K.L.:
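A single structure is presented below for examination.
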Amino acid sequence: MTTVYRTELTPLSFLERSALVFPRKTAIVDGDRRITYREMAREATRLANALAQSGIGPGDRVAFLCSNIPEMLLAHFAVPLLGAVLVAVNTRLSPEEIRYILDHSGSTILVGESHLLAGLAGVAGELRTVGETVSIDRSHADAGYATVPYGRFLDRGSDRPLPWTVDDEERTISINYTSGTTGRPKGVMYTHRGAYLNSLGEVIHSGFSPDSVYLWTLPMFHCNGWCTPWGVTAVGATHVCLRRVDPGEIWSLIDEQGVTHFNAAPTILIALANAPEAHRFSQPVTITTAGAPPSPTIIETMEGLGARIVHVYGLTETYGPHTVCELQEGLGNIPVAERAAFLARQGVSYIIADPTRVVDEDMMDIPMDATTMGEVVMRGNNVMKGYFDNPEATDEAFRGGYFHSGDIAVWHPDNYIDLRDRSKDIIISGGENISTIEVERAIANHPSVLECAVVAVPHERWGERPKAFVVLKPGLSATGQEIIDHVRARLARFKAPDEVELVEGLPKTSTGKIQKFVLRDKEWEGRGRRIN
């Protein structure tokens, strides 16, 4: 009998190929620094060998606390080269939150930028599993405790070749921790197979090619950058590093580096569109947006600047994006406002995922009538392996054989899903469900509104009512009543907020997602409703 050789899927093979096919091409741009694909593969190998000399082997966890710098990109290949597991830590978490993640994941080595490690000085002595901390010194900051300089750490390594393969494609490649706004964050496990396939999904749906120049506006610690560290590398495109989101710098890099692609939450798009440097793109730019449903207003605005908008939707548990709003034939010829309204839908499953469903409490599909609401559930190759060291939470998340998102949506007759809210954000007012997303879209349509958030607040008669927090555009004005009247002209009166509070800014996560629970908890303090 003939033996058929089967190759285990792993995104490690992407760097192996690009180093062979595009050896002299620029893989990474970081300020004045340039790294070719041959150099990228060599440096990843050297880092992997240094980790091996430090005792790291298959299954061990290695934590990185870094902004979007080349070393963070290298970690996505170097750590799994040993069969080890990458734990990319959110740089904006508190020292205690980071301590918990390091301990829970069992990370034995922590690699971080010196100024970020300095923030851990107060908890460094409490870390139970981290045996060695490696400092990448770019700001000449003293961590305040014993660390090993990154260059000296690399000296332990060598260019000894390592196989760009894996013995089991279901091996865990990374653990990404959820935000944990209630209780402790959970560690979401990705596999080599899932990362490989979701990377190709990003290539297909964002349209990456060897000519692409990708700007890192999305944190690499967030869902491993939606698998884009691997996806951009797969096609031999160029990574442009960006340490922090600054609209002016983003516009400069787009022009100077010829950026063709970047990912950004709607709030970042709002900041870009309203920056003094904003102008029409001089080259085609594809923007993949997620993190919160974008309003048709911001989609229309960015299209007006010449961008191609790709709207995707997903969660940490789905490797980032799981669905995409595929543009249908003929939509390019309809008015921009109508096309923008269509593009605001979350759409259909990625090409590498199983079909997405919207179900009722009995796991039955809801009618595709664009009105009935249900929960979005998913399964497929780009759904997590499970929660690390938390079988109870894993079983609960996968009840009925599907991952339960907690997101509420309607299902259109054309099979596209359209989010109405997180289950925790739906406002139940006098027995009527009010979608905060629907109200926010109406408010965002007001010409003076920069961004907004709507939450439930207590009401003696109706139980709950909507309240809006609104940031106005610089130099423009509007009263709360004007905004309320604007909504009433577009939606049923009961959906309009009773109150509008004008604020200078909204609380956000590191990826630009508005933290509604912060606003909601203040309104419900002492009244019982606290759902994060």
Side-chain angles (χ1 to χ4, degrees), residues 12 15-16 18-19 23-24 26-57 60-89 91 98 102 107-121 124-125 127 129-162 164 174 216 219-221 225 229 233 238-244:
L12 295 173
L15 181 52
E16 178 188 36
S18 287
R24 291 177 295 277
T26 297
I28 305 173
V29 173
D30 181 40
D32 295 332
R33 184 182 179 189
R34 299 291 186 274
I35 300 173
T36 66
Y37 268 107
R38 176 183 288 148
E39 293 166 339
M40 184 179 176
R42 184 183 301 128
E43 290 194 30
T45 300
R46 187 179 176 205
L47 175 55
N49 281 319
L51 289 168
Q53 288 297 313
S54 303
I56 297 298
D60 292 335
R61 276 77 69 197
V62 179
F64 269 70
L65 183 67
C66 298
S67 58
N68 289 347
I69 59 176
E71 289 77 9
M72 191 65 163
L73 273 171
L74 295 172
H76 280 77
F77 294 92
V79 175
L81 259 177
L82 301 175
V85 180
L86 174 64
V87 181
V89 183
T91 61
I98 294 175
L102 296 174
S107 295
T108 54
I109 289 182
L110 168 63
V111 182
E113 292 177 85
S114 55
H115 69 284
L116 296 173
L117 294 176
L120 301 182
L127 299 177
T129 62
V130 173
E132 188 170 37
T133 300
V134 180
S135 176
I136 302 171
D137 188 8
R138 293 181 174 274
S139 60
H140 305 291
D142 183 2
Y145 52 96
T147 62
V148 178
Y150 185 76
R152 191 186 306 167
F153 182 79
L154 284 184
D155 287 342
R156 302 177 190 176
S158 67
D159 293 338
R160 178 178 64 88
L162 294 170
W164 301 93
S174 65
W216 273 105
M220 293 184 208
F221 62 69
T233 300
T238 298
H239 301 266
V240 179
C241 292
L242 179 70
R243 285 168 175 73
R244 64 186 182 89

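FYI, side chains are in, hydrogens and waters are out, and symmetry mates aren't considered; it's all heavy atoms of this structure. Computed from a predicted structure; not experimentally measured.
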K.L.:
Give, for atom OG1 of Thr108 and atom CG of Leu127, the distance between the pair rounded to the nearest 0.5 Å.
P.N.:
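Separation between the atoms: 12.0 Å.
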K.L.:
Partners of Arg42 by side-chain contact (heavy atoms from CB on, under 4.5 Å), sequence neighbours excluded?
P.N.:
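Per chain and number, Arg42 pairs via side-chain contact (heavy atoms from CB on, under 4.5 Å) with Arg38, Glu39, Asp159.
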K.L.:
Can you measure from CD (Glu43) to CG (Leu74) and round to the nearest 0.5 angstrom?
P.N.:
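That separation rounds to 5.5 Å.
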K.L.:
Rounded to the nearest 0.5 Å, how far apart are CZ of Arg243 and CD1 of Ile69?
P.N.:
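Nearest 0.5 Å value for the CZ-CD1 distance: 6.5 Å.
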K.L.:
Quick check: closest heavy atoms across Ala19 and Ala41, and the distance to 0.1 Å?
P.N.:
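Looking at all heavy atoms of both residues, the shortest contact is CB-CB, 3.7 Å.
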K.L.:
Is the backbone of Ala84 close enough, under 3.5 Å, to the side chain of Asp60 for a donor and an acceptor to pair up by distance?
P.N.:
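Such a contact is absent between Asp60 side chain and Ala84 backbone.
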K.L.:
Kindly compute the distance separating CG (Leu120) from OG1 (Thr133), expressed to the nearest 0.5 Å.
P.N.:
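Atom-to-atom, Leu120:CG and Thr133:OG1 are 8.0 Å apart.
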K.L.:
Could you please spell out the steps behind the side chain to side chain contact (heavy atoms under 4.5 Å, CB included) verdict for Leu12 and Phe77?
P.N.:
CA-CA 6 Å; Leu12 295 173; Phe77 294 92; 4.2 Å; yes
K.L.:
What side-chain hydrogen bond (donor to acceptor under 3.5 Å, both in side chains) pairs are there with at least one residue in residues 72-86, not counting sequence neighbours?
P.N.:
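Residue pairs passing side-chain hydrogen bond (donor to acceptor under 3.5 Å, both in side chains), neighbours aside: His76-Asn224.
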K.L.:
Side chains of Val29 and His239: closer than 4.5 Å at any heavy-atom pair?
P.N.:
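Of all side-chain heavy-atom pairs linking His239 with Val29, none is under 4.5 Å.
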K.L.:
Kindly give the heavy-atom pair with the smallest separation between Ala44 and Leu81, and that separation in Å.
P.N.:
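Nearest pair, atom of Ala44 first, then Leu81: O-CD1, 4.2 Å.
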K.L.:
Check the surroundings of atom CZ in Arg152: do more than 12 heavy atoms from other residues, nucleotides or ligands lie under 6.0 Å from it?
P.N.:
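No - once you tally the heavy atoms of other residues, nucleotides and ligands closer than 6.0 Å, there are 12 at most.
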K.L.:
Return a table of donor-acceptor pairs under 3.5 angstrom between the side chains of residues 46-55 and protein atoms on other chains or two or more places apart.
P.N.:
{"unit_1": "Arg46", "atom_1": "NE", "unit_2": "Leu154", "atom_2": "O", "d": "3.3"}
{"unit_1": "Arg46", "atom_1": "NH2", "unit_2": "Asp155", "atom_2": "OD1", "d": "3.1"}
{"unit_1": "Asn49", "atom_1": "OD1", "unit_2": "Arg160", "atom_2": "NH2", "d": "2.9"}
{"unit_1": "Asn49", "atom_1": "ND2", "unit_2": "Thr45", "atom_2": "O", "d": "3.3"}
{"unit_1": "Asn49", "atom_1": "ND2", "unit_2": "Ser158", "atom_2": "O", "d": "2.9"}
{"unit_1": "Asn49", "atom_1": "ND2", "unit_2": "Arg160", "atom_2": "O", "d": "3.0"}
{"unit_1": "Ser54", "atom_1": "OG", "unit_2": "Ala50", "atom_2": "O", "d": "2.9"}
{"unit_1": "Ser54", "atom_1": "OG", "unit_2": "Arg156", "atom_2": "NH1", "d": "2.7"}

K.L.:
Counting C-beta onward and ignoring hydrogens, is there a side-chain heavy-atom pair between Leu117 and Leu110 closer than 4.5 Å?
P.N.:
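Answer yes - side chains close enough.
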K.L.:
Just verifying a value: how many Å separate Phe221 CZ and Phe64 CZ, rounded to the nearest 0.5 Å?
P.N.:
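So the gap between those two atoms works out to 15.0 Å.
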K.L.:
May I ask you to decide if Thr26's main-chain N or O and Thr238's side chain share a donor-acceptor pair within less than 3.5 Å?
P.N.:
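Between the backbone of Thr26 and the side chain of Thr238 there is a qualifying donor-acceptor contact (under 3.5 Å).
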K.L.:
Evaluate the side chain to side chain contact (heavy atoms under 4.5 Å, CB included) criterion for residues Arg33 and Ile28: first the C-alpha distance (whole Å), next the side-chain angles of each, then the deciding distance (0.1 Å), finally the verdict.
P.N.:
CA-CA 8 Å; Arg33 184 182 179 189; Ile28 305 173; over 6 Å; no
K.L.:
side-chain hydrogen bond (donor to acceptor under 3.5 Å, both in side chains) with Ser107: which residues, sequence neighbours excluded?
P.N.:
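Result, side-chain hydrogen bond (donor to acceptor under 3.5 Å, both in side chains) vs Ser107: Ser105.
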K.L.:
Who are the side-chain contact (heavy atoms from CB on, under 4.5 Å) partners of Leu116, not counting sequence neighbours?
P.N.:
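Partners of Leu116 by the side-chain contact (heavy atoms from CB on, under 4.5 Å) criterion, ordered by chain and then number, come out as Leu65, Thr91, Glu113.
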K.L.:
Ignoring hydrogens and geometry, is there a side-chain-to-backbone donor-acceptor pair from Asp30 to Pro70 under 3.5 Å?
P.N.:
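Such a contact is absent between Asp30 side chain and Pro70 backbone.
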K.L.:
May I ask you to test the Leu162-Leu82 pair for a side-chain heavy-atom distance under 4.5 Å?
P.N.:
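Of all side-chain heavy-atom pairs linking Leu82 with Leu162, at least one is under 4.5 Å.
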K.L.:
For the residue pair Ser135 and Phe153, establish whether any side-chain heavy-atom pair is separated by less than 4.5 Å.
P.N.:
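They are not in contact (no side-chain heavy atoms under 4.5 Å apart), so the answer is no.
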K.L.:
Which atoms form the tightest heavy-atom contact between Cys241 and Asn68, and what is the distance?
P.N.:
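The answer is CB-O, 3.2 Å.
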K.L.:
Got a sec, which residues hit side-chain contact (heavy atoms from CB on, under 4.5 Å) with Ala27, two or more places apart in sequence or on another chain?
P.N.:
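Tyr37, Met40.
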K.L.:
Using the test side-chain contact (heavy atoms from CB on, under 4.5 Å), find all partners of Val85 that sit at least two apart in sequence or belong to another chain.
P.N.:
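Per chain and number, Val85 pairs via side-chain contact (heavy atoms from CB on, under 4.5 Å) with Arg61, Thr172, Ile175.
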